[in-house]
Amino acid sequence: MNLEILLRSEIQKTVAAVFNQTVDNLQVQPTNAEFEGSHTLVCFPLTKISRKGPEETAKLVGEHLVQHSGIVSKYNVVKGFLNLSLSDKVWVDMLQYIYAHPNYGQLPANGEEIMIEYSSPNTNKPLHLGHLRNNFLGWSVSEIYKANGYNVHKVQIINDRGIHICKSMAAWKLYGDGETPASSGLKGDKLVGKYYVEFDKAYKAQISALVTKGSTQEEAEKEAPIMKLASEMLRQWEQKDPETLSLWKTMNGWVYDGFGVTYKRMGVDFEKLYYESDTYLLGKEEVLKGVEKGIFFKKEDGSVWVDLTADGLDQKVLLRSDGTSVYMTQDIGTAILRFRDFPKIVGQVYTVGNEQEYHFKVLFLILNKLGYDWAKRCFHLSYGMVDLPSGKMKSREGTVVDADDLMDEMVEEAEKQSRELGKLDEMSPDETKRLFNMTGLGALKFFLLKVDPKKRMLFDPNESIQLQGFTGPFIQYTHARIRAIIRKAESMNLNVTVDDLRAVTVLEPAEREALQVLSAFEGKVKEAAKDYSPAVIANYAYELAKEYNQFYQSIPIFNESDPAKLKFRIAFSKSIADAIKRSMGLLGIEVPERM
RNA sequence: GCACUCGUAGCUCAAUUGAAUAGAGCAUCUGACUACGGAUCAGAAGGUUCGGGGUUUGAAUCCCUGCGAGUGCACCA
């Protein structure tokens with residue numbers, strides 16, 4: 001049940017009846033607070049077919065709607081804007097429907113499948129703040145698509161191949177002294193990351209030593225022994241040298257274990273993992289086929305290129321002169337493999353930072369040239385960098401904020417705040433621990449998701465955890481308060497059935513307003529999917545919480561003497577709590593019963 | 001240098017994709033607790049939407065231009 005769709009169809013009928021013409025694009029929007037009504041039809045575009053002034057046009061439509069639609073009770077016209085009030089019966093029906101469907105906001109299955117890739121980190125460094133935005137975004141967009149009725153496949157590509165992992169391996173071999181996660185007590189990804197840093201330190205030291213001995217900078221970069229070792233290991237890896245492969249497997253295994261712990265904490269998961277070491281060969285095959293078909297071309301040195309100058313881009317290398325593959329080659333292979341594995345998917349979403357926009361533009365063009373028509377349905381969900389208040393965070397400059405550390409800090413801060421306010425008396429230690437995790441992570445997720453993904457953003461940890469304002473904890477708190485009210489109603493044996501709601505015929509303005517917000521959920525779920533933007537949902541969850549607070553302040557629920565109205569308000573409270581819970585769920589945020 | 005993205009209140013973000021007087025939160029100021037969770041609510045103040053042109057009934061939004069910030073332009077991933 002969707003009020004807007006219902007209203008649109010009524011307006012469509014009216015326009016057809018009054019002006020003898022049909023219009024596809026009706027502009028229906030929420031009415032501004034200063035005017036009476038809930039929905040507004042913008043009538044300027046209609047003047048073309050009505051051949052009358054905007055006000056006259058609006059008046060004709062409004063009058064006809066009140067007379068014939070059965071759902072519009074009143075209208076007023078301001079300039080070209082037709083403000084419509086729906087009858088209270090419509091709102092009561094709406095609440096009945098929502099109250100009967102605790103899963104309100106979930107659209108019926110549409111039989112379509114979609115694949116969403118996210119996370120996809122390098123295996124040589126631990127996860128950082130940027131990965132948090134990526135993971136929360138990808139996971140949330142997946143949930144939003146599920147809510148739209150899609151069957152969603154969550155995947156990631158693991159960058160397990162290449163010189164970067166060999167650097168960690170080389171450093172570990174030289175200085176590791178057999179250290180393992182078990183022996184050091186370090187998380188696997190942290191341990192491997194440590195040796196990646198070790199490599200860099202040793203490499204730089206060796207370069208400057210060679211330079212003081214008289215080498216040029218360039219020579220030194222090539223001749224540094226540790227770099228030679230890493231390159232040698234890469235060669236051995238490609239030749240499937242057993243010892244190198246075994247070390248590679250071991251160290252990658254450590255990283256995966258470490259990442260696994262972090263993913264679990266973040267609350268994200270994957271249906272299937274793709275590994276570059278498995279897909280780059282397929283990519284290579286496809287590129288060679290493309291050469292035969294004349295889609296790509298070979299230079300004299302043997303390297304393979306694609307010419308995109310006709311598309312306004314430049315030429316791009318696909319295979320090196322020694323025949324080995326590059327990043328693009330692997331991504332071609334991965335994309336094709338995924339459509340083979342999941343032939344029914346209607347498209348693929350890549351959650352990757354905006355610094356790779358050019359790469360994906362090229363990738364989709366190439367796939368298109370290779371004749372894959374699904375290339376049109378691949379989408380790069382591009383997101384901006386996350387800055388911190390204390391200067392900017394850039395992974396290349398080493399001032400990264402570690403994901404595990406940040407999550408720890410958020411939970412600690414949540415605990416500190418909660419204890420200061422001291423309402424935890426009745427909770428067991430287990431419950432409080434769960435609560436702190438909920439609010440700490442909720443604060444983090446909400447703050448990272450409330451901003452339009454495309455935009456670069458500033459993460460303020462202190463602001464994010466506040467219980468006031470546009471934050472996760474504020475919404476969680478509001479939910480807990482509503483649940484307290486419902487518990488009280490239950491203790492008074494006030495159980496409300498759907499039929500009880502029919503008894504109410506006249507609503508308070510505050511109730512109408514709040515029902516209007518509540519009824520917008522389905523529309524928001526659709527909008528969020530269309531824009532690939534959890535921010536739409538975050539804004540909506542906040543709106544629900546705020547609306548309830550206002551309602552609560554203006555209408556004391558238990559002071560009501562009319563039992564029908566009392567029941568109505570309790571049902572309404574419960575429906576709002578459910579909607580908050582569900583919308584926050586789409587962001588991967590749990591809401592507590594009490595806090 | 002070329003390409004792409006962005007620039008909105010002191011700060012962090014919105015604006016249903018071209019509509020009404022550009023909205024929220026934080027911070028600041030003023031009010032409301034004998035109550036069901038006041039961790040709330042009501043109100044005030046805060047804007048030349050970076051500058052300048054243009055398109056039209058109408059522009060933060062579209063086009064041109066200047067300034068500022070960021071990112072990308074490897075036989076790296």
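Proteins come first, then strands; the chains are lettered A, B, ... in the order of their sequence lines, and each starts at number 1.
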Nucleotide A74(B), atom C1' - distance to CZ of R320(A) in whole Å
10 Å
Please work out if Y552(A) contacts a base, only the sugar-phosphate, or nothing of the nucleic acid, heavy-atom cut-off 4.0 Å.
base
What contact category does I555(A) fall into here, base, sugar-phosphate, or nothing, at under 4.0 angstrom with non-hydrogen atoms?
base
With a 6.0 Å cut-off on the ring centroids, do F474(A) and F446(A) count as close?
no
Side chain of L467(A): nearest nucleotide among A39(B), A77(B), G37(B)?
A39(B)
Presence of salt bridge, K530(A) and E527(A), under 4.0 angstrom:
no
If you only use heavy atoms from C-beta on, which nucleotide in A77(B), U40(B), U21(B) is closest to the side chain of Q468(A)?
U40(B)
Could you tell me how far G38(B) sits from C33(B) if I compare only their P atoms? Round to whole Å.
14 Å
With a 4.0 Å cut-off, would you call R569(A) and E508(A) a salt bridge?
yes
Regarding E34(A), tell me which of base, sugar-phosphate or nothing describes its non-hydrogen contacts under 4.0 Å with the strands shown.
base
U5(B) -> Watson-Crick or G-U wobble partner, both distances under 3.5 Å, gives A69(B)
Identity of whatever pairs with G23(B) - Watson-Crick or G-U, under 3.5 angstrom
C13(B)
Is R8(A) salt-bridged to E4(A), cutoff N-O under 4.0 Å?
yes
Counting only Watson-Crick pairs (N1-N3 plus N6-O4 or O6-N4) and G-U wobbles (N1-O2, O6-N3), all under 3.5 Å, who is the partner of U61(B)?
none
Look at N549(A) and C41(B) and indicate whether a side-chain polar atom (N or O) is within less than 4.0 Å of OP1 or OP2.
yes
Side-chain donor-acceptor pair present, Y275(A), Q330(A), cut-off under 3.5 Å:
no
M457(A) side chain, from C-beta outward: closest of C13(B), A74(B), U71(B):
C13(B)
Taking a pair to mean Watson-Crick or G-U wobble geometry with both distances below 3.5 Å, A42(B) pairs with U30(B)
With respect to the phosphate group of U21(B), does any side-chain polar atom (N or O) of K79(A) fall under 4.0 Å of OP1 or OP2?
yes
So what does M595(A) hit on the nucleic acid, given a heavy-atom distance under 4.0 Å: a base, only sugar-phosphate, or nothing?
base
Please tell me which of the listed nucleotides, G70(B), C4(B), U12(B), lies nearest to the side chain of F447(A)?
U12(B)
Using a strict cut-off of less than 4.0 Å between a Lys/Arg side-chain nitrogen and an Asp/Glu carboxylate oxygen, indicate whether E357(A) and K361(A) qualify as a salt bridge.
no
Heavy-atom nearest nucleotide on RNA chain B for L82(A) versus F470(A): which residue maps closer to 5'?
L82(A)
Pair R320(A) + D322(A): basic N to acidic O under 4.0 Å:
no
Mind checking N83(A) for me? I need base, sugar-phosphate or nothing, with any heavy atom below 4.0 Å counting as a touch.
base
For the P atoms, the ones on A60(B) and on A42(B), what distance do you get once it is rounded to whole angstrom?
28 Å
What is the distance, to the nearest angstrom, from the CD atom on Q553(A) to the C1' atom on A42(B)?
8 Å
Base versus backbone protein contacts along nucleotides 14-19 of chain B [heavy-atom cut-off under 4.0 Å; B, S, -]:
S-BB-B
How far does the C1' atom of A22(B) sit from the matching atom of U34(B), given to the nearest Å?
43 Å
Regarding U17(B), purine or pyrimidine glycosidic angle vs 90° from 0 gives syn
Length of the OH-C1' vector between Y548(A) and C41(B), whole Å
14 Å
Of the candidates U12(B), G37(B), C41(B), the side chain of A480(A) sits closest to G37(B)
Within the 4.0 Å heavy-atom criterion, would you say T40(A) contacts the bases, only the backbone, or no part of the nucleic acid?
base
Say we look at A45(B) and C2(B): how far apart would their P atoms be, to the nearest angstrom?
48 Å
Indicate yes or no: does E36(A) engage K74(A) in a salt bridge with an N to O separation below 4.0 Å.
yes
Side chains of Y75(A) and K59(A), heavy atoms from C-beta outward: is any pair under 4.5 Å?
yes
Looking for any heavy atom pair under 4.0 Å, which part of the strands does F35(A) touch: base, sugar-phosphate only, or nothing?
base
